[in-house]
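Source: prediction; values computed, not measured. Along the sequence shown, residues are numbered consecutively beginning with 1.
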Amino acid sequence: MAVINFGGVNENVVTREEFPLEKAREVLKGETIAVIGYGVQGPGQSMNLRDNGFNVIVGQRRGATWDKAVADGWKPGETLFEIEEACCRATIVQYLLSDAAQIEVWPTVKSHLGPGKALYFSHGFAVTYRERTGIVPPNEVDVILVAPKGSGTSLRRMFLQGRGLNSSYAVYRDATGRAKDRVIALGIGVGSGYLFETTFQREVYSDLTGERGTLMGAIQGLLLAQYEVLRKNGHTPSEAFNETVEELTQSLMPLFAENGMDWMYANCSTTAQRGALDWMTPFHDAVKPVFEKLYREVASGNEAQRSIDSNSQPNYREKLNRELAALHDSEMWRTGAVVRKLRPESN
C-alpha cells in the first residue's frame with residue numbers, strides 16, 4: 001500500500017504495480033466468485049474477472065437479463081445459474097443487484113452465507129442503511145466493498161482499452177483474517193486503475209451526493225437552465241445546445257480531465273478566462289447551499305428512504321420510463337441527437 005499526497009492530504013492507495021494481477025490470482029486461488037445480478041455493474045465486473053483468469057460464475061433470474069448474459073458467453077448450468085444455485089456454489093458472493101432488489105433477494109442470499117465466505121458490495125447503501133434495508137450480514141462472513149467510480153459499461157470499455165477505472169475499497173468486517181487481501185485482489189480483478197481506501201458509510205454518502213449533484217442531477221439542471229435562457233433570448237436550438245453542451249463535453253472536459261481546471265483556463269481566450277474567474281464565485285455561492293442540503297438529506301437517511309420507497313413500487317419501471325422519455329423528448333436533448341449525428345466520423 002502506498003501513501004499518496006492528494007492536495008496536501010495523505011491517503012492510502014493500492015496500485016496495480018504493487019499488487020499485480022498475478023498476486024490477485026494467487027490470493028483468490030480456489031475461490032469461486034458468484035456475481036449476483038447482471039444489470040449495471042454485473043456485466044463489466046464479471047467479464048473482466050473472467051478475462052483476468054478468475055473462477056467466476058453469474059447468478060441471475062431468468063428473463064431478458066439472463067439472455068444478455070448468455071449472449072455475453074455465460075453458459076447455463078456451467079457458468080450461469082439461478083441466484084440461489086450461484087450463491088450455494090460461491091465462496092465469494094458479489095451482490096450487484098439494484099439496492100431495491102438486494103432487499104428483496106436478501107433472505108435467499110443470506111441463507112447461503114456460511115463461515116469463511118465473503119459478501120462483496122459495490123455500493124455501501126445496503127449495509128450503511130441496514131435499519132431500513134434489513135440487510136445485516138452474518139458475523140462469520142467477510143463483508144467487503146469495491147466501488148468502481150463509473151458505470152459498468154465504462155469499467156468494461158476501459159478494461160478492453162488496457163486502462164483501468166479507479167475504485168474505492170472498504171472492509172466492513174474481517175471475519176477470516178483475509179478480508180483485506182480478498183478485497184484488494186477483487187479490486188484488481190474487476191479492472192481497477194488504482195484503489196483508494198474508504199468506509200461503507202463514506203462511500204454511500206459521497207456516491208449519493210455525487211449522483212444527485214455534479215455527476216447527474218446538478219449537471220442536467222445547470223445545462224437546462226443555460227439552454228432555456230439562451231432560447232428565451234432568441235438563440236436557435238443548435239446555437240444554444242452547442243454553447244451549452246457540445247463545447248463542454250467535446251472540447252473543454254477533455255482539457256480539464258487531462259491536466260486540471262487551471263490548465264484548461266490557461267488554454268482558453270483571455271476573455272473566457274476573465275469571465276470564468278469572475279463568475280465562478282457567484283455560481284459557487286448560489287449552489288453550495290443546495291449541496292449542503294443534499295448532503296444532510298443523504299446523511300440523515302431521508303434520501304435512502306425515498307429511493308427505497310420509490311424503487312419498491314410495482315409500477316416503478318413504468319414511471320421511470322415515462323420520466324426518461326420526457327427527458328429524451330425535451331427540445332435540448334432532441335437537438336443533441338441531431339448534433340451528434342452531424343459530428344464528423346473519426347478516421
Is there side-chain contact between [X] and [Y], with heavy atoms separated by less than 4.5 Å?
| X | Y | value |
| --- | --- | --- |
| E197 | Y169 | yes |
| T270 | R274 | no |
| Y295 | Y205 | yes |
| P76 | V70 | yes |

Does [X] share a hydrophobic cluster with [Y], counting links as ILVMFWY side-chain heavy atoms below 4.5 Å and allowing steps through other members?
| X | Y | value |
| --- | --- | --- |
| L113 | I135 | yes |
| V105 | V127 | yes |
| V58 | V146 | yes |
| V183 | V27 | yes |
| F200 | Y95 | yes |

[atom1]-[atom2] distance between [X] and [Y], expressed to the nearest 0.5 angstrom:
| X | Y | atom1 | atom2 | result |
| --- | --- | --- | --- | --- |
| I308 | E303 | CD1 | CD | 11.0 Å |
| I92 | L186 | CD1 | CG | 4.5 Å |
| Y227 | E239 | OH | CD | 11.0 Å |
| M332 | L230 | CE | CG | 11.0 Å |

Quick one: does [X]'s side chain have a donor or acceptor within less than 3.5 Å of a partner on [Y]'s backbone?
| X | Y | answer |
| --- | --- | --- |
| T65 | G39 | no |
| R62 | E82 | no |
| E18 | T15 | yes |

ask   = Any chance CZ of R343 has more than 12 other-residue heavy atoms, nucleotides or ligands included, within less than 6.0 Å?
value = yes

Can you name the closest pair of heavy atoms from [X] and [Y] and give their distance?
| X | Y | value |
| --- | --- | --- |
| T199 | R202 | OG1-N, 3.0 Å |
| M158 | L165 | SD-CD1, 3.6 Å |
| A86 | G59 | CB-CA, 3.6 Å |
| L145 | H123 | CD1-C, 3.6 Å |
| V35 | S46 | CG2-CB, 3.8 Å |
| V190 | Y120 | CG1-OH, 3.9 Å |

inquiry  = Could you go through S167 and S192, starting from their C-alpha distance and side-chain angles, then the distance that decides it, and tell me whether this counts as side chain to side chain donor-acceptor pair (under 3.5 Å)?
reply    = CA-CA 6 Å; S167 303; S192 302; 2.8 Å; yes

Presence of salt bridge, [Y] and [X], under 4.0 angstrom:
| X | Y | answer |
| --- | --- | --- |
| D99 | R132 | no |
| K232 | E228 | no |
| E292 | R296 | no |
| R212 | E297 | no |
| K23 | E26 | no |

ask   = Are L97 and W106 close enough, and set up right, to give a side chain to side chain contact (heavy atoms under 4.5 Å, CB included), and what steps lead you there?
value = CA-CA 10 Å; L97 293 167; W106 175 241; over 6 Å; no

request  = Could you check Q94, E203, Q45 and say which one makes a side chain to side chain donor-acceptor pair (under 3.5 Å) with S122?
outcome  = Q45

ask   = What orientation do W333 and F241 show, parallel under 30°, tilted 30 to 60°, or perpendicular over 60°?
value = perpendicular

Between E31 and T91, a side-chain donor and acceptor under 3.5 Å =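 Yes.
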
task = Check the pair C87, T108 against side chain to side chain contact (heavy atoms under 4.5 Å, CB included), reporting the backbone distance first and the verdict last.
result = CA-CA 9 Å; C87 290; T108 297; 5.7 Å; no

inquiry  = Using ring centroids (six-membered ring only for Trp), state whether Y129 and F125 fall under 6.0 Å.
reply    = yes

